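In what follows, a structure is listed as structure tokens, so that the remarks can point back to it.
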Number of protein chains: 2
Amino acid sequence: MRISELSATSGVPIPTIKYYLREGLLPTGAQTSATRAEYGESHLRRLRLIRALLEVGRLPIASIRKVLTAVDDESLSMHHVLGTAHYAIAPPVEPPAAGEEWRRARAGADALIDDLGWRIDPEAPTRDELAHAILALDRLGMPATGEALRPYAETAARLVAEHEIGTIPVGGPREAAVEALVLGTVLHGRVLDVMRRLAQESASAHIFGISYGADGPRDGDGPRRLPGGDDSRDENGPRGEGGPRARNGPHGEDGPRTRNG
Amino acid sequence: MRISELSATSGVPIPTIKYYLREGLLPTGAQTSATRAEYGESHLRRLRLIRALLEVGRLPIASIRKVLTAVDDESLSMHHVLGTAHYAIAPPVEPPAAGEEWRRARAGADALIDDLGWRIDPEAPTRDELAHAILALDRLGMPATGEALRPYAETAARLVAEHEIGTIPVGGPREAAVEALVLGTVLHGRVLDVMRRLAQESASAHIFGISYGADGPRDGDGPRRLPGGDDSRDENGPRGEGGPRARNGPHGEDGPRTRNG
């Protein structure tokens with residue numbers, strides 16, 4: 001296809017495609033004359049990947065180039081290519097700190113990874129990333145032991161094993177696999193983060209006895225015990241449409257209510 | 001205590017304390033003379049909170065001021081004060097998009113929150129944040145239904161209910177509660193994110209039969225089935241110290257191995 005069709009099909013404007021060509025991110029098409037080039041499916045796949053890396057991954061051009069170089073390098077395994085992309089889209093990792101404090105944090109990260117039995121490249125930048133998180137917690141006097149962090153690891157492992165495995169098409173073109181990895185990792189990472197904050201808000205509302213009805217938020221009886229995990233439902237319906245509760249005193253110990261729903 | 005002791009105890013340099021005083025983030029101490037002021041525990045708590053909002057929350061001064069105003073406003077409930085801080089530390093939310101596409105995404109977010117029975121303020125910016133995530137997935141042709149996103153919601157709900165409830169000291173000074181909320185939400189959010197990416201890397205290594213031994217990474221037999229969730233252990237020990245595997249052909253169907261460990 002001509003560049004105009006490549007642009008129309010991919011949704012990428014022609015000047016942008018020419019920019020990618022100049023930067024060497026997109027391979028040139030087959031020259032059919034001095035002024036015409038023909039592009040194919042592989043160019044479409046490449047454009048999709050570049051857009052994913054740029055717009056979703058929010059990567060600088062240099063990082064995009066690094067990922068694409070790996071994609072093009074046939075001597076690299078698919079695992080290595082995916083790994084290059086996976087590391088590229090991670091938040092920028094601060095350089096390792098110095099001193100005993102850092103060594104302890106990094107040792108803690110390595111020990112936790114070992115204890116979990118996870119297979120992680122010894123050179124993975126994610127090890128330093130975890131160490132920085134441990135260091136930050138530790139400096140603020142928050143628990144940063146393997147035991148304190150294990151719930152986060154096990155939560156993540158279960159999510160990945162039950163819902164994220166198999167979403168990367170590893171048997172086909174590399175661009176498609178890397179694109180799926182980038183989109184899934186970044187976009188579902190954002191989903192998980194906002195869901196956690198929504199769950200925290202809901203838990204707080206339960207504890208403080210807040211419900212949201214058609215008349216706006218209503219304070220309940222004060223702090224109450226939180227109903228369990230993902231079965232938690234507002235007894236008055238999702239929007240707190242129940243009637244007034246009996247007032248049980250300032251700290252709202254459970255007691256009979258006058259009316260529900 | 002004098003400003004020098006406030007600085008020494010809090011670890012905040014005197015010029016920085018004076019900056020916070022000028023900006024009205026820190027209330028003035030009690031003037032004991034024209035040139036001396038006395039500071040107390042409340043000032044220490046306030047400094048800790050400002051540092052948490054600035055250094056961990058990475059908030060601009062305007063947002064910090066908004067949170068502190070809420071802390072100081074006795075007419076606001078603790079739930080409201082915590083909510084102000086919780087929204088302030090969220091990633092910046094793009095303004096709602098326009099049009100049918102956006103209305104659908106926002107309706108999807110609201111419906112999912114309702115289906116989960118979560119108590120979320122109708123005006124919560126997290127609703128728009130979730131809608132933007134849904135819109136991004138949808139535009140890229142990725143599943144964005146309630147069913148597709150429910151695993152993330154349920155994962156988050158379980159994590160919050162089992163491990164994050166009760167970590168905020170709601171019965172004491174407001175600064176302490178807000179500080180705990182900011183530190184926990186931001187720092188454990190980073191832990192969860194890096195743990196998810198570590199789990200993804202480990203799952204990929206299993207699928208591609210990569211193990212990491214003392215001699216460096218070794219490719220196994222090719223793609224293999226992933227052992228289950230958080231019980232996954234490398235059969236050769238955490239660092240892939242087992243011996244060579246029998247080669248089962250290019251796609252590595254499971255078969256007898258010559259030797260393990």
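Every chain is numbered from 1 and lettered A, B, ... according to where its sequence line falls, protein lines coming before strand lines. Bear in mind that the values here come from a model prediction, so they are computed numbers and not experimental data.
Among P91(A), G83(A), A180(A), the residue making the largest number of heavy-atom pairs under 4.5 Å with chain B is P91(A). For chain A, the option among R190(B), H163(B), E123(B) with the highest count of heavy-atom pairs below 4.5 Å is H163(B). Residue with the most contacts toward chain B among A156(A), G166(A), A199(A), G184(A): A199(A) (heavy-atom pairs, distance under 4.5 Å). Options L149(A), T185(A), D193(A) differ in how many heavy-atom pairs under 4.5 Å they form with chain B, and the most are formed by T185(A).
With a 4.5 Å cut-off on non-hydrogen atoms, A90(A) touches chain B through its backbone and its side chain both. If you measure heavy-atom distances from L181(A) to chain B, you find no contacts under 4.5 Å at all. With a 4.5 angstrom heavy-atom cutoff, L112(B) touches chain A only via side-chain atoms.
Counting heavy atoms from C-beta outward, T155(B) and E162(A) have side chains that stay 4.5 Å or more apart. At least one side-chain heavy atom of R158(B) sits less than 4.5 Å from a side-chain heavy atom of R158(A). In this structure, the side chains of H132(B) and V194(A) stay at 4.5 Å or more apart for every pair of heavy atoms. For the pair L183(B)/L137(A), no side-chain contact is recorded, criterion being any heavy-atom separation below 4.5 Å from C-beta on.
When all heavy atoms are compared, the tightest approach of I120(A) to S202(B) is CD1-N, 3.9 Å. The shortest non-hydrogen separation linking P151(A) to L159(B) is O-CD1, 4.1 Å. For Y152(A) against V191(B), the heavy-atom pair with the smallest separation is CB-CG1, 3.8 Å.
Separation of atoms CG (L116(A)) and CG (L198(B)) is listed at 9.0 Å; rounding is to 0.5 Å. Annotation: the span from S77(A) atom OG to I210(B) atom CD1 amounts to 5.5 Å, rounded to 0.5 Å. Atom CE in M78(B) sits 9.5 Å away from atom OG in S204(A) (nearest 0.5 Å).
Taking the six-membered ring where the residue is Trp, F208(A) and H79(B) present tilted rings, their angle falling between 30° and 60°.
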Candidate pair E164(B) and R196(A), rule salt bridge (Lys or Arg N to Asp or Glu O under 4.0 Å), full reasoning: CA-CA 10 Å; E164(B) 299 198 326; R196(A) 175 172 166 259; 3.0 Å; yes
Report the C-alpha distance between L140(B) and L187(A) in whole Å, list the side-chain angles of each, state the deciding distance to 0.1 Å, and finish with yes or no for side-chain contact (heavy atoms from CB on, under 4.5 Å). CA-CA 10 Å; L140(B) 289 157; L187(A) 294 180; 3.6 Å; yes
Give the C-alpha distance, both sets of side-chain angles, the deciding distance and a yes or no for side-chain contact (heavy atoms from CB on, under 4.5 Å) between H188(B) and M142(A). CA-CA 10 Å; H188(B) 290 134; M142(A) 298 171 73; 3.9 Å; yes
Pair H86(B)-Q200(A), side-chain hydrogen bond (donor to acceptor under 3.5 Å, both in side chains): steps then yes or no: CA-CA 9 Å; H86(B) 204 224; Q200(A) 289 170 343; 2.7 Å; yes
Applying side-chain contact (heavy atoms from CB on, under 4.5 Å), run through E201(B) and R119(A) and close with a yes or a no. CA-CA 7 Å; E201(B) 174 172 346; R119(A) 294 188 190 184; over 6 Å; no
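The side-chain contact (heavy atoms from CB on, under 4.5 Å) test with R197(A) is passed by exactly one of L130(B), V160(B), T126(B): T126(B).
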